Number of protein chains: 2
Amino acid sequence: MSRGTRSGRPSEARTRLLGTATRIFYAEGIHSVGVDRIIEEAQVTRATLYRHFTGKEELVLAYLDQADQGMRAQITGARAPDAAPEDDVRAVARAIADGIRSPGFRGCAFLNAVAEYPDPDHPVHRAVLAHRQWFLETVTELLGRAGIEPADAAGRHFVMLRDGAMAAGCLFDPELVCETFLHGVESLLTGGAAASRA
Amino acid sequence: MSRGTRSGRPSEARTRLLGTATRIFYAEGIHSVGVDRIIEEAQVTRATLYRHFTGKEELVLAYLDQADQGMRAQITGARAPDAAPEDDVRAVARAIADGIRSPGFRGCAFLNAVAEYPDPDHPVHRAVLAHRQWFLETVTELLGRAGIEPADAAGRHFVMLRDGAMAAGCLFDPELVCETFLHGVESLLTGGAAASRA
DNA sequence: TCTGAGGGAGAACGTTCGGTCTCCTTCGAT
DNA sequence: ATCGAAGGAGACCGAACGTTCTCCCTCAGA
């Protein structure tokens, strides 16, 4: 999918371009930033952009693809090979909470993107759907391994909590959001016996 | 706030304008639709738009204000004066679920809007925050009346489920989303004893 | 040594953007 | 009867949009 340099790997200008696009798209949205902003901050010329990408849309898709890969790495990194399955779920939840608490958090890149691309047939919209499908399946499998039944309902519940936490994380107090989220995940794991903590 | 006709109420052109803007903004986003589209579909002229609104931004604010009023009406309408407090919560949840299931549902107008206006100082962003604050307080009060303690934590939990449901409602199967949401609300009300239904 | 891709610099393309303007008509209230 | 707001029709503005183009330089691989 990524058409880098003919001879070998990424190309420095392309890396700078994609990195800058990622930072700006995530922080400010997609439709509201023009290619001029991106090429300026990436310190490349207009021609360089269009040598590596067919247009802005492909840049957006590359941005989401990078975010997708980052999240996959984050999740596989959070799982411990010899831990209890429930602890893998907790680790994933903790990783999500850490992201929400981190400075510069601006919500879920995919939920933000899909808000700007409502058309279900649009490539960007489809990329979001594909990512979410993978995430749901991954979480469901993790919960099933942890013995939570029915696993698919639990997976949907987990994703719903996550979506709500990601959406509210940059609109409310992130600490309270994370507390609520982790609490919800815990009661999902223990079957609702975690209503003790404030 | 609404500067309608000098002599009396709304003015028909203004109503058409706001209705069209509401429909298009909700269905397609804000930045990606221009004023030309709106004045064309509202069948008014350019001058008429700028006679009733100072610019596009004020039109966006009016759109969100209308959505806010609609939701307030929906919630006060869902509450029954002589019902048990928990049933008021259930009624609100059911109203939300009905919205998600309805055709043309495209997520939460406020979450969608704030994804396009990340700047916390922007009037549109602030309008979203104000709406969400009202909603959180309203739900928290309802839950407190129902005897759910601590009410503020329960309110945040409810809002988190709602946000997740609204976000996923137009990306997954709405039926499953609603089922998951209502199930989550029920277990919030009964203290986690609602893990029986599939 | 040559060749061709990568990249810089920048002009230019046509389109759309949000917004302002003038001119004319309708119509209700004073 | 008249005055002024509401509205239609449409020209117009400068700016930004995404995109394509030419020209030149550099540098690594064949």
Side-chain angles (χ1 to χ4, degrees), chain A residues 2-22 24-25 27-64 113 116-119 122-125, chain B residues 2-22 24-25 27-64 113 116-119 122-125:
Chain A
S2 65
R3 324 165 306 121
T5 337
R6 291 291 185 286
S7 60
R9 79 233 126 275
S11 143
E12 192 188 335
R14 189 197 148 92
T15 305
R16 233 179 315 143
L17 218 27
L18 184 50
T20 305
T22 294
I24 302 185
F25 282 155
E28 304 184 26
I30 298 174
H31 287 320
S32 57
V33 313
V35 294
D36 293 19
R37 264 288 301 286
I38 294 171
I39 65 172
E40 183 196 341
E41 297 202 21
Q43 300 200 90
V44 299
T45 57
R46 209 169 213 71
T48 303
L49 197 171
Y50 289 98
R51 198 174 289 116
H52 288 284
F53 303 93
T54 60
K56 184 184 180 182
E57 180 178 310
E58 196 175 275
L59 191 56
V60 174
L61 289 171
Y63 150 58
L64 289 180
E116 298 199 56
Y117 291 89
D119 180 5
H122 195 285
V124 172
H125 190 105
Chain B
S2 66
R3 325 164 307 122
T5 338
R6 290 293 182 284
S7 62
R9 80 236 121 272
S11 143
E12 191 188 337
R14 189 196 149 94
T15 305
R16 234 180 313 144
L17 217 26
L18 184 50
T20 306
T22 294
I24 302 185
F25 282 153
E28 303 184 26
I30 299 173
H31 287 320
S32 57
V33 314
V35 294
D36 293 20
R37 263 290 298 288
I38 294 170
I39 66 172
E40 183 195 341
E41 296 202 21
Q43 301 198 90
V44 300
T45 58
R46 206 172 207 69
T48 304
L49 197 172
Y50 289 97
R51 198 175 290 118
H52 288 283
F53 302 94
T54 60
K56 185 185 180 182
E57 181 178 308
E58 197 176 276
L59 191 56
V60 174
L61 289 171
Y63 150 58
L64 290 181
E116 298 199 55
Y117 291 89
D119 181 5
H122 195 285
V124 171
H125 190 104

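Per chain, numbering begins at 1; letters A, B, ... match sequence-line order. Since this is a predicted model, take the numbers as computed values, not measurements.
- Between A:Leu59 atom CG and D:dC17 atom P there is a gap of 14 Å when expressed in whole angstrom units.
- Listed by chain and number, the residues in a ring-ring contact (aromatic ring centres under 6.0 Å, His included) with B:His125 amount to none (sequence neighbours excluded).
- Put simply, CG on B:Leu49 is 14 Å from C1' on D:dA6, counting in whole angstrom units.
- Summarising the geometry, atom CD1 belonging to B:Ile24 is positioned 3.5 Å from atom CD belonging to B:Glu41; distances are rounded to the nearest 0.5 Å.
- Not counting sequence neighbours, the partners of A:Glu28 by the salt bridge (Lys or Arg N to Asp or Glu O under 4.0 Å) test are A:Arg37.
- The distance between atom CD1 of B:Ile24 and atom P of C:dC17, rounded to the nearest whole Å, is 12 Å.
- Contact check of residues 35-48 of chain A against DNA chain C (heavy atom, cut-off under 4.0 Å) returns A:Gln43, A:Val44, A:Thr45, A:Arg46, A:Ala47, A:Thr48.
- Contact annotation: A:Tyr50 side-chain N/O to D:dT20 OP1/OP2 distance is not under 4.0 Å.
- Here the straight-line distance linking atom NE2 of B:His31 with atom CD of B:Glu116 works out to 5.0 Å at 0.5 Å rounding.
- The distance from atom CD of B:Glu12 to atom P of C:dC27 is 13 Å, rounded to the nearest whole Å.
- Taking A:Thr45 as the reference, A:Thr48 meet the side-chain hydrogen bond (donor to acceptor under 3.5 Å, both in side chains) condition, with sequence neighbours excluded.
- Following rounding to the nearest Å, A:Arg51 (CZ) and D:dC24 (C1') show an atom-to-atom distance of 12 Å.
- Here the P atom of nucleotide D:dC17 and the CD1 atom of A:Ile30 are 15 Å apart, to the nearest Å.
- In this structure, the salt bridge (Lys or Arg N to Asp or Glu O under 4.0 Å) partners of A:Asp36, at least two apart in sequence or on a different chain, are A:Arg46.
- An OP1 or OP2 oxygen of C:dC17 is reached within less than 4.0 angstrom by no side-chain nitrogen or oxygen of B:His31.
- We find that CD of A:Glu57 is positioned 18 Å from P of D:dC17, with the value rounded to whole Å.
- In this structure A:Thr22 satisfies the side-chain hydrogen bond (donor to acceptor under 3.5 Å, both in side chains) test together with A:Gln66, sequence neighbours excluded.
- No more than 12 heavy-atom neighbours from other residues, nucleotides or ligands sit within 6.0 angstrom of CD on A:Gln43.
- A rotation axis mapping the C1' atoms of four pairs onto the next four is fitted at both ends of the helix from C:dT1-D:dA30 to C:dT30-D:dA1 over five pairs, and the angle between these axes is 10° to 10 degrees.
- Between the A:Thr15 side chain and the A:Ser11 main chain, a donor and an acceptor come within less than 3.5 Å of each other.
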